[in-house]
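Convention: sequence-line order gives letters A, B, ...; per-chain numbering from 1.
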Protein chains: 2
Amino acid sequence: MSTNEPLDLWLLDVELLKKLVVGIGEVSEITGVPQRQIRYWEEKGIIRAVKEGEGTTRKYDYLSIKKILLVKELLDDGYTLDAAAKKVEDRMRTVTEVFKKLADRTETANE
Amino acid sequence: MSTNEPLDLWLLDVELLKKLVVGIGEVSEITGVPQRQIRYWEEKGIIRAVKEGEGTTRKYDYLSIKKILLVKELLDDGYTLDAAAKKVEDRMRTVTEVFKKLADRTETANE
DNA sequence: CAATGATTGTAGAAATATTACAATTTACGA
DNA sequence: TCGTAAATTGTAATATTTCTACAATCATTG
């Protein structure tokens with residue numbers, strides 16, 4: 001399927017992707033979930049922001065945004081917030097695993 | 001090499017990746033290039049930020065950050081800023097192409 | 001209806017980022 | 001060494017974005 005694997009790997013640069021954390025405003029724009037709601041979900045322990053220190057602003061990484069999108073989807077499907085959270089948890093486990101594997105692969109391949 | 005291609009593709013979600021734009025502070029942290037310098041490079045037309053409207057803050061996407069990292073590397077190697085910019089331009093052309101291909105692939109595979 | 005879950009509103013303060021003007025440093029050929 | 005253009009850096013005043021905290025509003029269901 002892939003005819004140029006090395007370039008693909010270079011392009012992905014999962015290490016960089018992991019560092020890409022965006023502000024709540026952006027996340028809201030991207031996902032369509034209001035800032036207020038995102039903070040609320042965080043309050044409830046469903047989402048976790050990457051705080052970089054005390055008295056700073058929230059930052060969200062790729063996986064968190066993915067998670068927010070999933071929760072939103074499930075809510076639209078009629079799930080309860082807690083139920084959605086639980087279901088998403090399972091899904092994220094798999095994703096995170098693949099993410100790690102991918103990271104390992106590119107880590108050794110990229111330099 | 002990849003034993004679980006569908007999941008990999010789902011994980012990548014290039015569409016999402018394209019929307020991931022981060023503030024200049026983050027970019028500075030990630031790349032190690034001072035904010036001031038990033039703005040300067042932009043002034044010179046080497047970097048391009050994704051402004052989301054008039055009178056708003058700068059945002060940078062994955063490829064821009066990649067670019068900043070490349071420029072920085074070349075500068076450290078003794079290149080002139082203009083020379084570095086030119087060299088990076090070539091490299092980015094390839095990257096952008098692959099990026100597009102990747103996007104096409106996942107676009108059709110993900111929903 | 002009452003109670004719980006989920007969301008939304010907002011003021012005032014804190015954190016981040018912007019612009020614009022200017023100074024400083026570096027590299028290098030005359 | 002001097003001049004000069006390139007490159008970087010400093011910063012004050014202003015603008016934008018985000019934070020917290022307290023509270024109100026809907027919706028669902030027993």
Side-chain angles (χ1 to χ4, degrees), chain A residues 19-62 64-65 67-89 92, chain B residues 19-62 64-65 67-89 92:
Chain A
K19 289 190 212 149
L20 268 202
V21 295
V22 320
I24 196 170
E26 268 310 315
V27 175
S28 179
E29 289 239 331
I30 291 172
T31 63
V33 179
Q35 299 189 18
R36 194 64 186 72
Q37 197 166 14
I38 294 173
R39 290 200 193 94
Y40 173 67
W41 292 356
E42 192 175 333
E43 218 172 80
K44 307 237 64 168
I46 291 166
I47 307 294
R48 191 153 62 253
V50 185
K51 281 255 191 181
E52 338 219 67
E54 278 313 298
T56 57
T57 60
R58 277 171 251 263
K59 295 286 152 71
Y60 300 89
D61 59 17
Y62 182 91
S64 297
I65 298 175
K67 199 167 174 182
I68 291 173
L69 283 169
L70 284 178
V71 171
K72 179 193 169 157
E73 235 177 78
L74 293 179
L75 283 190
D76 286 347
D77 281 0
Y79 279 77
T80 237
L81 187 55
D82 285 337
K86 207 162 288 174
K87 198 170 171 71
V88 161
E89 214 46 60
M92 290 308 290
Chain B
K19 290 190 212 146
L20 271 201
V21 294
V22 320
I24 197 171
E26 269 310 316
V27 176
S28 180
E29 289 237 331
I30 290 172
T31 62
V33 180
Q35 299 190 17
R36 194 64 186 74
Q37 196 166 12
I38 295 174
R39 292 200 191 94
Y40 173 68
W41 291 358
E42 192 176 334
E43 217 172 81
K44 305 239 65 172
I46 292 166
I47 308 294
R48 191 154 61 252
V50 186
K51 281 253 189 180
E52 339 219 66
E54 277 312 299
T56 57
T57 59
R58 276 171 251 259
K59 295 288 153 67
Y60 300 88
D61 60 15
Y62 183 91
S64 296
I65 298 174
K67 200 168 173 181
I68 291 173
L69 283 169
L70 284 178
V71 171
K72 177 191 171 162
E73 233 176 80
L74 293 179
L75 282 190
D76 286 348
D77 280 1
Y79 278 76
T80 238
L81 187 54
D82 284 337
K86 208 161 287 175
K87 198 170 171 71
V88 161
E89 214 47 60
M92 291 308 290

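Residue A/Glu52 qualifies as enclosed at atom CD: its count of foreign heavy atoms under 6.0 Å is above 12.
Rounding to whole angstrom units, CD of residue B/Glu42 and P of D/dT8 are separated by 14 Å. Across the protein-nucleic acid pair, B/Ile38 atom CD1 and D/dT9 atom P stand 11 Å apart, rounded to whole Å. In this entry the distance linking OH of B/Tyr40 with P of D/dT9 reads 11 Å, nearest Å. Atom CH2 in B/Trp41 sits about 11 Å away from atom C1' in D/dT8, given to the nearest Å. Between B/Leu75 atom CG and D/dA6 atom P there is a gap of 15 Å when expressed in whole angstrom units. Whole-Å rounding puts the B/Leu81 CG to D/dT9 P distance at 12 Å.
A heavy atom closer than 4.0 Å to some atom of DNA chain D occurs in A/Lys51, A/Thr57, A/Arg58, these being the qualifying members of residues 50-60 of chain A.
Atom OH of B/Tyr62 is separated from atom CG of A/Leu20 by 7.5 Å, given to the nearest 0.5 angstrom. The CE atom of A/Met92 sits 6.5 Å away from atom CG of A/Leu70, with the distance rounded to the nearest 0.5 Å. Note that CD1 of B/Ile38 and CZ of B/Arg58 are 9.5 Å apart. Values are rounded to the nearest 0.5 Å. A distance of 7.5 Å separates NZ of A/Lys51 from CD of A/Glu42, quoted to the nearest 0.5 Å. To the nearest 0.5 Å, atom CD1 of residue A/Ile46 and atom NZ of residue A/Lys86 are 10.5 Å apart.
With B/Tyr79 as reference, B/Asp77 is the one residue of B/Asp76, B/Asp77, B/Asp82 to meet the side-chain contact (heavy atoms from CB on, under 4.5 Å) rule. Between B/Arg39 and the choices B/Gln35, B/Gln37, B/Glu43, the side-chain hydrogen bond (donor to acceptor under 3.5 Å, both in side chains) rule is met once, by B/Gln35.
Think of the region where chain B sits on DNA chain C: with heavy atoms and a 4.0 Å cut, that region ends 5' and 3' at C/dA17 to C/dA22.
When the nearest nucleotides of DNA chain C are assigned to A/Pro34 and B/Gly23 by heavy-atom distance, the more 5′-ward of the two goes with A/Pro34. Along DNA chain D, the nucleotide nearest to A/Ile24 and the one nearest to B/Gln37 differ in position, and the one closer to the 5' end is contacted by B/Gln37.
The side chain of A/Arg39 places no N or O atom within less than 4.0 Å of a non-bridging phosphate oxygen (OP1 or OP2) of D/dT20. Checking the phosphate oxygens (OP1, OP2) of D/dT18, a side-chain nitrogen or oxygen of A/Gln35 falls inside 4.0 Å.
A donor-acceptor pair under 3.5 Å is formed between the side chain of B/Lys72 and the backbone N or O of B/Thr31.
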Along nucleotides 22-30 of chain D, 5' to 3', which nucleotides get a B, which get an S, and which get a -, given that the test is a protein heavy-atom distance under 4.0 Å?
BB-------
Before giving the answer on side-chain contact (heavy atoms from CB on, under 4.5 Å), spell out for B/Lys67 and B/Trp41 the whole-Å C-alpha distance, their side-chain angles and the decisive distance to 0.1 Å.
CA-CA 11 Å; B/Lys67 200 168 173 181; B/Trp41 291 358; over 6 Å; no
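Here the side chains of A/Val21 and B/Val22 are not in contact, with every heavy-atom distance at 4.5 Å or above.
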